There are 2 protein chains.
Amino acid sequence: MDTASADSAQSAYALGAVTVASSPQERFSEYLQSKGKRITQQRRILVDHVFERHDHFDADELIANLSRSQQECEEGRKVSRPTVYRTLNELVEAGLLRRMTLSGRSVYEHDYGYPQHDHLHCTKCDKLIEFQSEELKQLRQAVANEHGFRVTGHRLIVSGICEPCGRNRHRGKSPLDLI
Amino acid sequence: MDTASADSAQSAYALGAVTVASSPQERFSEYLQSKGKRITQQRRILVDHVFERHDHFDADELIANLSRSQQECEEGRKVSRPTVYRTLNELVEAGLLRRMTLSGRSVYEHDYGYPQHDHLHCTKCDKLIEFQSEELKQLRQAVANEHGFRVTGHRLIVSGICEPCGRNRHRGKSPLDLI
DNA sequence: ATGGGTGCAAAGTATTTGCACAAGC
DNA sequence: GCTTGTGCAAATACTTTGCACCCAT
């Protein structure tokens, strides 16, 4: 959509009211170095595009986004589909992205410098609404304790119909209902 | 594994302490008739195998299970892969099974005559442990209300390491750790 | 008998992989 | 310069579909 802040995440990474020390780029570099992997143009481009906006996306959307901005500004190199997948996996491993599986396809969202949260999923327009719940954390810990289970994370998706879709119950997926 | 109670679900469907009026077979028949669909050998066989034991399974496991019992007892007809997929979808539509997506593949579990519950997922051995929480239902309703969202369901998966895997932290997936 | 169901094989879709060339350290 | 990364195309994994024959109603 816009390519404005493509290089805005250089030093400090602002996020709402919170500001964390290192940008996603820096964080990813750390991860790559710790694994003996290299910091390439493609990886940089991908991290830029992924953390440019905070929203939910899948591999195809990211690829579409990439080709769009590559037409506009001459970013130098394009990134191939396999590389997008490879890098998304690395970003998940690095703890920068969280992967969610919504009806078959993988959906990604920021996991670094972004508070733990869960989702309301509208089954009509596929929109995801985020929410946080402190009680949920307590609940999951309580349950885990009962079963001698060591928790590393969780995923809660409440499905239903969002408020706009509830009104216009005759229309299906609309281009206006962006994720 | 065993083909013992293959036809035990004829009349009353026992489930722990609870007993519901109609068996999965009957319930599925109702659904099929209401949709003008037919009750075939294949569908019967599949429902039998699915509701024989209460566990989590995917399409491949069900198919494997089928071919095994078809070798032992001469059930008459075998069920093809496409039919398994078609029938699983129908069982989900009919509300007899619940579909869950665990890292790409679809996992199914009983939904009929079985209380709503959620899962602890061991990322080491892939075991699923069920649990119930009344608070969770309240929580999800409270959150939904805040967002004008009409809830139809939810899915919570708490991931981590189960107690046995926590002990033997050196071993990976073992044939002993059945789902 | 007749319209839906099944099996087969083939098509999709989403993602991964082998290999030759290119590039980071 | 040596190794890791990338792009391409092909492979893979899972699931769905088109079509000719079959069976429940």
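Bear in mind that the values here come from a model prediction, so they are computed numbers and not experimental data.
Within the nucleic acid shown, A/Arg81 comes within 4.0 Å of at least one base atom, counting heavy atoms only.
Following rounding to the nearest Å, B/Lys37 (NZ) and C/dT6 (P) show an atom-to-atom distance of 9 Å. Atom P of nucleotide D/dA13 and atom CG of B/Leu102 are separated by 18 Å, given to the nearest angstrom. If you measure from atom CZ of B/Arg44 to atom C1' of C/dT6, you get 15 Å, rounded to the nearest angstrom. Going from atom CD1 of B/Ile45 over to atom P of C/dT6 covers 10 Å, rounded to whole Å. As a whole-Å value, the separation of B/Gln42 CD from D/dC22 P is 13 Å. To the nearest angstrom, C1' of C/dG24 lies 10 Å from CZ of A/Arg43. To the nearest angstrom, P of C/dG5 lies 7 Å from CZ of B/Arg38. Between the CG atom of A/Leu88 and the P atom of C/dT15 there is a distance of 9 Å, given to the nearest Å.
Defined by atom type and a distance below 3.5 Å, a donor-acceptor pair is missing between the side-chain atoms of B/Gln132 and B/Asp118. For B/His56 and B/Glu61, the side-chain atoms include no donor-acceptor pair closer than 3.5 Å.
Among D/dG7, C/dC25, C/dG4, the nucleotide with an atom closest to any side-chain atom of A/Thr83 is D/dG7. Among the nucleotides D/dG7, C/dC8, D/dT15, the one closest to any side-chain atom of A/Val79 is D/dG7. Of the listed nucleotides (D/dG5, C/dA9, D/dC8), C/dA9 has the atom at the smallest distance from the side chain of B/Pro82. When each of D/dG5, C/dT15, D/dC8 is scored by its nearest atom to the side-chain atoms of A/Lys78, the top-ranked nucleotide is D/dC8. Taking every side-chain heavy atom of B/Thr40 into account, C/dT6 is the closest of C/dT17, C/dG24, C/dT6.
Under the 4.0 Å criterion applied to side-chain N and carboxylate O atoms, B/Asp60 and B/Arg81 are assigned as salt-bridge partners.
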So which protein N/O to nucleotides 11-14 of chain C N/O distances come out below 3.5 Å?
unit_1	atom_1	unit_2	atom_2	d
C/dA14	OP1	A/Arg105	NH2	2.1

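The hydrophobic cluster containing B/Ile45 also contains B/Val92, counting ILVMFWY residues as joined when their side-chain heavy atoms lie under 4.5 angstrom apart, directly or transitively. B/Ile157 and B/Phe131 end up in different hydrophobic clusters when Ile, Leu, Val, Met, Phe, Trp and Tyr side chains are linked at under 4.5 Å.
For the pair B/Val107 and B/Gln33, both in contact range of DNA chain D, the more 5′-proximal nearest nucleotide belongs to B/Val107.
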> Can B/Lys37 and B/Glu90 be said to form a side-chain contact (heavy atoms from CB on, under 4.5 Å), step by step?
Replying inline: CA-CA 10 Å; B/Lys37 297 183 166 190; B/Glu90 290 165 343; 3.3 Å; yes

> Which is it for B/Tyr108 and B/Leu91 under the side-chain contact (heavy atoms from CB on, under 4.5 Å) test, yes or no, and what are the steps along the way?
Replying inline: CA-CA 10 Å; B/Tyr108 300 86; B/Leu91 286 168; over 6 Å; no

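Ring orientation note: the planes of A/His119 and A/His117 are nearly perpendicular, at an angle over 60° on the 30°/60° scale.
In this structure, A/Phe51 has its ring center at least 6.0 angstrom away from the ring center of A/His54.
Contact check of residues 89-97 of chain B against DNA chain D (heavy atom, cut-off under 4.0 Å) returns B/Asn89.
At a cut-off of 3.5 angstrom, counting only N and O atoms as typed in the model, there is a donor on one side and an acceptor on the other between the side-chain of B/Arg86 and the base of C/dG7.
Applying the side-chain hydrogen bond (donor to acceptor under 3.5 Å, both in side chains) test to A/Glu146 and every residue at least two apart in sequence or in another chain returns nothing.
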